[in-house]
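Atoms within a ligand are numbered from 1 in the order they appear, just like the ligands themselves. Keep in mind that this is a model prediction, so the values were computed, not measured.
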Amino acid sequence: MDFKSNHSSPVLTDPVPLNKARLGIAASLLPYSPSQTGFSSGLHWTCARKKFILSKLDDARASGWLDAMRSSSPPRKRFVKDVTSVEVMDPEAKDACYQSWTLKYPSALSVFEQIVGSAKGKQLALFLDYDGTLSPIVDDPDRAFMSNTMRAAVRDVAELFPTAIISGRCRDQVFDFVGLTELYYAGSHGMDILGPVKHSKSPSLVEESLPNCIRTTDKQGKEVNLFQPAKEFIPMIEEVFELLVKNTKGIKGVKVENHKFCASVHYRRVDEEDWVTVAQCVINVLKGYPRLRITHGRKVLEIRPKIDWNKGKAVEFLLDSLDLTDSNNVLPIYIGDDRTDEDAFKVLRESNRGYGMLVSALPKETNAFYSLRDPSEVMEFLKCLARWKKGRV
Ligand SMILES: O=P(O)(O)OC[C@H]1O[C@H](O[C@H]2O[C@H](CO)[C@@H](O)[C@H](O)[C@H]2O)[C@H](O)[C@@H](O)[C@@H]1O
């Protein structure tokens with residue numbers, strides 16, 4: 001992986017250009033001062049302001065943003081003719097459609113024996129996404145709590161296998177939601193990792209080679225490595241967060257979150273007719289910040305540093321820190337529901353080790369190997385793993 005071959009910062013020296021064809025906003029990406037980007041402070045949602053925004057919607061409209069915002073998760077499989085068709089199907093047809101999709105991405109529950117068969121003699125390592133995987137998707141991100149039964153299931157597996165949660169949320173927040181000390185946490189899509197200190201005799205690539213990786217102690221006094229590859233972006237994200245809050249203030253239902261190394265702009269509770277306005281506000285703000293990029297999540301636009309780092313890299317980093325890089329002896333499993341989890345699925349698929357499992361009740365294109373319908377099936381799968389390990393299957 002990159003941090004082995006290139007012992008340097010994952011910050012790109014020559015930032016990857018935005019996918020200009022997809023965004024269709026090449027000309028508008030020329031950097032200019034943040035003060036030019038927004039609307040004057042304290043302005044309310046006046047008609048004049050709305051007109052001003054509407055006259056500025058070209059970037060968002062021309063670029064297919066709206067389509068991406070509508071799908072807001074990995075695209076549906078092509079055999080589902082359009083996005084709405086599967087949603088309006090009667091339950092039986094919907095189920096038939098799902099069953100046919102599971103021929104390609106079998107349910108991890110129905111092929112459980114096969115999965116643990118391939119884990120025999122290997123060290124299993126678990127990587128879990130949070131929202132939509134351990135907790136159901138809800139309208140208010142501040143209330144996305146996991147159930148106590150899910151917490152118990154996660155605790156059980158974390159006591160049996162090395163386990164980490166890799167979330168788009170900031171690390172402290174996801175720790176507050178999960179509340180377990182038996183596992184490792186990576187926040188901000190893997191840009192903020194509190195991981196183990198490598199104990200093997202071989203020198204640790206992680207500690208020796210990576211800038212922004214420091215030895216410290218966690219809240220329980222345990223020695224850990226704190227790796228924050230996008231550290232230099234903290235003030236920029238703070239600035240952008242303030243601007244996003246100010247500029248989206250008049251759009252009913254918008255919620256902006258500061259996750260320290262990235263920011264999220266939620267539109268789940270915004271009227272669909274205003275989604276393009278949300279997109280345009282974000283595009284306008286980002287015009288002043290060419291070192292940041294926008295990605296799509298579930299009814300959320302994520303603003304992230306343009307660095308060569310993602311959840312897939314975080315999985316590789318953690319496997320290395322845990323001394324679990326030998327694919328002959330290690331079987332990593334990553335469970336997630338969102339586009340950002342695809343980076344992790346891809347890493348496992350391409351390196352031919354372990355399995356990605358997509359949590360979805362709808363057929364979707366994915367790099368995962370297996371599927372689980374929803375967080376309750378995730379919990380069932382975790383319980384099965386614990387029973388299997390304890391020899392009670
Ligand atoms: O990587 P994750 O742990 O899955 O985090 C991804 C984003 O999750 C949260 O937003 C999502 O869940 C919310 C609560 O269910 C939902 O309201 C929202 O529409 C979803 O996008 C979180 O608030 C984001 O900051 C994370 O990036």
Side-chain angles (χ1 to χ4, degrees), residues 68-74 126-147 150-151 154 163-180 183-193 230 237 240-241 244-245 248 253-272 275 278-279 282 292-305 309-315 318 334-345 356-361 364 366 368 372 374-376 378:
M69 289 172 88
R70 279 197 191 105
S71 88
S72 87
S73 49
L126 271 178
F127 299 94
L128 306 167
D129 168 52
Y130 182 74
D131 288 279
T133 299
L134 299 182
S135 68
I137 293 293
V138 292
D139 280 352
D140 181 358
D142 293 339
R143 303 197 60 76
F145 306 122
M146 69 195 280
S147 66
M150 178 66 97
R151 186 168 295 105
V154 175
T163 301
I165 294 187
I166 306 185
S167 172
R169 291 178 182 265
C170 75
R171 185 168 44 78
D172 285 347
Q173 193 186 45
V174 78
F175 176 75
D176 286 347
F177 277 168
V178 177
L180 297 172
L183 46 138
Y184 301 104
Y185 291 87
S188 306
H189 301 290
M191 288 181 283
D192 187 8
I193 305 179
I237 294 291
V240 165
F241 166 73
L244 289 168
V245 169
T248 59
V254 163
K255 182 175 175 72
V256 187
E257 293 176 308
N258 182 351
H259 294 316
K260 200 166 171 182
F261 302 96
C262 55
S264 300
V265 180
H266 291 273
Y267 55 91
R268 183 172 292 280
R269 293 191 286 186
V270 174
D271 274 354
E272 198 167 334
W275 287 5
V278 175
V282 176
L292 299 180
R293 67 188 171 120
I294 305 168
T295 59
H296 295 265
R298 296 182 72 168
K299 306 268 190 292
V300 65
L301 298 175
E302 314 261 23
I303 291 84
R304 307 160 62 159
W309 199 261
N310 54 40
K311 287 186 173 189
K313 297 265 182 183
V315 166
L318 282 161
Y334 186 105
I335 311 180
D337 72 312
D338 208 349
R339 282 187 178 176
T340 57
D341 301 310
E342 290 294 325
D343 293 319
F345 298 154
M357 298 180 182
L358 176 70
V359 184
S360 177
K364 289 174 184 173
T366 180
L372 289 162
D374 52 30
S376 71
V378 173

Ligand 1 to Arg268 polar contact by distance, N or O atoms, under 3.5 Å:
yes
If you have a sec, work out which protein heavy atom is nearest atom 26 (C) of ligand 1 and how many Å separate them, to one decimal?
Glu302 OE2, 4.0 Å
Just one of Leu128, Thr340, Leu318, Asp129 clears the side-chain contact (heavy atoms from CB on, under 4.5 Å) bar with Ile166, so which one?
Leu318
Should Ile237 and Leu292 be marked as a side-chain contact (heavy atoms from CB on, under 4.5 Å) after you check the CA-CA gap, both sets of side-chain angles, and the distance that decides it?
CA-CA 9 Å; Ile237 294 291; Leu292 299 180; 4.1 Å; yes
How far is atom 3 (O) of ligand 1 from its nearest protein heavy atom, and which residue and atom is that?
Ser167 OG, 2.7 Å
Relative to ligand 1, is Thr133 under 4.0 angstrom through side chain, backbone, both or neither, heavy atoms considered?
neither
Looking only at protein heavy atoms, which one is nearest to atom 23 (O) of ligand 1, and what is the separation?
Glu257 OE1, 2.8 Å
To the nearest 0.5 Å, how far apart are CG in Asp139 and NZ in Lys299?
10.5 Å
Minimum side-chain heavy-atom gap Tyr185-Val178 below 4.5 Å:
yes
Presence of salt bridge, Arg298 and Asp131, under 4.0 angstrom:
no
Considering heavy atoms of the protein only, find what lies nearest to atom 2 (P) of ligand 1 and give residue, atom and distance to 0.1 Å.
Asp129 OD1, 2.8 Å
Show the atoms of ligand 1 that are less than 4.0 angstrom away from any heavy atom in Asp139.
17 (O)
With backbone taken as N, CA, C and O and side chain as the heavy atoms from C-beta onward, which portion of Val300 lies under 4.0 Å from ligand 1: side chain, backbone, both, or neither?
side chain
Would you check whether Lys311 reaches within less than 4.0 Å of ligand 1, judged by its heavy atoms?
yes
For atom 10 (O) of ligand 1, which protein heavy atom lies nearest, and how many Å away is it?
His266 CE1, 3.3 Å
Just to verify, what does Asn258 make a side-chain hydrogen bond (donor to acceptor under 3.5 Å, both in side chains) with, not counting sequence neighbours?
Glu238
Working to the nearest 0.5 angstrom, can you tell me the gap between Leu134 CG and Met150 CE?
5.0 Å
Pro136 to ligand 1, any heavy atom closer than 4.0 Å:
yes
Ranked by distance from atom 21 (O) of ligand 1, the top protein heavy atom is Arg298 O, 2.5 Å
What are the atoms of ligand 1, with element, lying closer than 4.0 Å to any heavy atom of Ala144?
14 (C), 15 (O)
Atom pair CZ/OG of Phe241 and Ser264 - distance to nearest 0.5 Å:
10.0 Å
So for ligand 1, is Thr340 a polar contact partner (N or O within less than 3.5 Å, distance only)?
no
Between the side chains of Lys260 and Asp172, is the shortest nitrogen-to-carboxylate-oxygen separation below 4.0 Å, so that they form an ion pair?
no
On the 0 to 90° scale, with breaks at 30° and 60°, tag the Phe177-Phe145 ring pair as parallel, tilted or perpendicular.
perpendicular
So which protein heavy atom does atom 8 (O) of ligand 1 come closest to, and at what separation?
Asp131 OD2, 3.0 Å
Within a distance under 4.0 Å of any heavy atom of Ser264, pick out the atoms of ligand 1 and give their elements.
24 (C), 25 (O), 27 (O)
Give the intermediate values and the outcome of side-chain contact (heavy atoms from CB on, under 4.5 Å) for residues Leu301 and Met69.
CA-CA 8 Å; Leu301 298 175; Met69 289 172 88; 4.2 Å; yes
Sub-4.0 Å heavy-atom approach of Lys255 to ligand 1:
no
If the cut-off is 4.0 Å to any non-hydrogen atom of Tyr130, which atoms of ligand 1 fall inside it?
3 (O)
Nearest 0.5 Å, what's the CZ-CG distance between Arg268 and Asp140?
11.0 Å
To the nearest 0.1 Å, how far is atom 16 (C) of ligand 1 from its closest protein heavy atom, and which atom is that?
Val138 O, 3.2 Å
